[in-house]
Amino acid sequence: MPIIKDNITGKILGLLAVGGILSIAIIAPNLVGALGRPIYKKHRFDRKKYRRSINYLKHKRFIEITKNGKIDYLELTKSGKAHAFRYYLDSLFIDTPLHWDGFFRIVISDIPNMRKYTRDMFRDRLEILGFYKLQESVLVYPYDCYKEIEFLKEIYNIKPYVRYIVAKSIDHQEEILKYFKLK
């Protein structure tokens, strides 16, 4: 899974997007580990924040809740799935290490004209992430971003049209190194 800036609501959406249906005991003891430390208050589970997030998602009609005894079943609605993907896209970033390993990551796409809108969205997303545009459908990044590219290929449904290449050098790379402030 790519690195995502997070909050409680976003994490709940993410778990539902990945898992489909999530069953949670009313006090949600198992959700604590999955959501991580941000919902702890002095190492305690913060039920108010959790409930507020669930109520927000329910109010926005992003989730449906069904109850079976002491267990709540949360399921994403169609608009919830769309919102989860938008949330992930808007909060996606690529972690950059302190030192460059000397390799370029090249993303090449050949998305058909009948999917022009998707092609433009994918290219725009790479530029937002900081990629250098070498050519119209060839973008370069100096750090490992394989997981993020795989995620985007899945989201945009463009797996057969995108290639990820790791290269030691590119001719005329001085401009690229300058762009990424690596020289």
Side-chain angles (χ1 to χ4, degrees), residues 1-20 22 31-40 53 62 76 78-183:
M1 188 62 129
I3 299 171
I4 305 291
K5 294 178 184 176
D6 55 25
N7 62 37
I8 297 169
T9 306
K11 286 184 174 185
I12 293 170
L13 277 175
L15 286 172
L16 289 170
V18 171
L22 190 60
L31 186 64
V32 175
L35 295 180
R37 296 187 68 82
I39 60 172
Y40 282 94
S53 294
F62 293 151
L76 279 178
K78 188 175 181 179
S79 64
K81 288 177 187 174
H83 185 75
F85 290 136
R86 266 194 312 278
Y87 170 81
Y88 272 95
L89 285 174
D90 290 344
S91 59
L92 181 70
F93 73 100
I94 300 170
D95 194 26
T96 55
L98 293 175
H99 301 289
W100 179 46
D101 64 2
F103 290 92
F104 295 100
R105 280 60 180 192
I106 304 167
V107 178
I108 300 172
S109 61
D110 190 16
I111 302 167
N113 281 335
M114 64 185 215
R115 304 217 29 218
K116 182 184 182 327
Y117 182 72
T118 302
R119 178 179 63 209
D120 292 345
M121 286 190 328
F122 176 68
R123 193 179 310 135
D124 290 347
R125 181 58 54 187
L126 293 182
E127 288 185 35
I128 289 168
L129 288 170
F131 279 71
Y132 176 83
K133 190 182 213 179
L134 192 61
Q135 292 181 3
E136 197 63 27
S137 294
V138 180
L139 292 105
V140 179
Y141 200 75
Y143 305 107
D144 182 34
C145 54
Y146 181 78
K147 291 178 186 173
E148 291 79 5
I149 297 302
E150 287 298 307
F151 175 73
L152 291 172
K153 286 167 41 175
E154 191 70 38
I155 293 296
Y156 291 123
N157 194 23
I158 53 173
K159 274 190 176 223
Y161 311 114
V162 178
R163 298 290 173 260
Y164 181 87
I165 300 168
V166 180
K168 183 66 178 164
S169 67
I170 302 172
D171 59 340
H172 306 292
Q173 69 188 28
E174 295 77 25
E175 190 175 331
I176 299 168
L177 292 170
K178 185 178 175 184
Y179 177 83
F180 289 108
K181 298 178 180 140
L182 294 171
K183 198 165 189 180

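These numbers come from the heavy atoms of this one structure, side chains and all, not from hydrogens, waters or symmetry mates.
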Where [X] and [Y] come nearest, the two heavy atoms and their spacing:
X	Y	result
Glu148	Phe93	OE2-O, 3.9 Å
Trp100	Pro142	NE1-O, 2.8 Å
Tyr156	Arg115	O-NH2, 2.8 Å
Arg119	Ile111	NH1-O, 3.1 Å
Phe122	Ser109	CE2-CB, 4.1 Å

Exercise for the section: Could you please spell out the steps behind the salt bridge (Lys or Arg N to Asp or Glu O under 4.0 Å) verdict for Lys147 and Glu150? Expected result: CA-CA 5 Å; Lys147 291 178 186 173; Glu150 287 298 307; over 6 Å; no
Handout entry: Verdict with supporting geometry, Val166 and Asp144, side chain to side chain contact (heavy atoms under 4.5 Å, CB included)
Key = CA-CA 9 Å; Val166 180; Asp144 182 34; over 6 Å; no
Exercise for the section: Test Tyr164 against every option in Phe131, Tyr146, Phe104 by the ring pair (Phe, Tyr, Trp, His ring centres under 6.0 Å) rule and name the one that passes. Expected result: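 Result: among Phe131, Tyr146, Phe104, Tyr146 is the only option passing the ring pair (Phe, Tyr, Trp, His ring centres under 6.0 Å) with Tyr164.
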Practice task
Go through the steps for Leu129 and Tyr141 under the test side chain to side chain contact (heavy atoms under 4.5 Å, CB included), then give the verdict.
Solution key: CA-CA 9 Å; Leu129 288 170; Tyr141 200 75; 5.7 Å; no
Handout entry: Phe103 six-ring centre to Lys168 NZ/CZ under 6.0 Å and within 45° of normal
Key =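 Judged by the rule (NZ or CZ under 6.0 Å from the ring centre, within 45° of its axis), Lys168 counts as positioned above Phe103.
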Point-to-point distance, once rounded to the nearest 0.5 Å, from [atom1] of [X] to [atom2] of [Y]:
X	Y	atom1	atom2	answer
His172	Glu174	NE2	CD	8.0 Å
Ile108	Arg163	CD1	CZ	9.5 Å
Asp110	Ile158	CG	CD1	11.0 Å
Leu134	Ile170	CG	CD1	6.0 Å

Exercise for the section: May I ask you to check whether Glu175 and Tyr132 show a side-chain donor-acceptor distance below 3.5 Å? Expected result: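 Result is yes, a qualifying pair exists.
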Practice task
Check step by step if side chain to side chain contact (heavy atoms under 4.5 Å, CB included) holds for Leu126 and Leu152.
Solution key: CA-CA 9 Å; Leu126 293 182; Leu152 291 172; 3.9 Å; yes
Exercise for the section: Output yes when a side-chain donor or acceptor of Arg123 lies under 3.5 Å from a complementary backbone atom of Lys133, and no otherwise. Expected result: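 No.
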Handout entry: Check: Cys145 main-chain N/O paired with Arg105 side-chain donor or acceptor under 3.5 Å
Key =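 Checked: no pair found.
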Exercise for the section: Would you please test Tyr179 and Val140 for side chain to side chain contact (heavy atoms under 4.5 Å, CB included) and show each step? Expected result: CA-CA 11 Å; Tyr179 177 83; Val140 179; over 6 Å; no
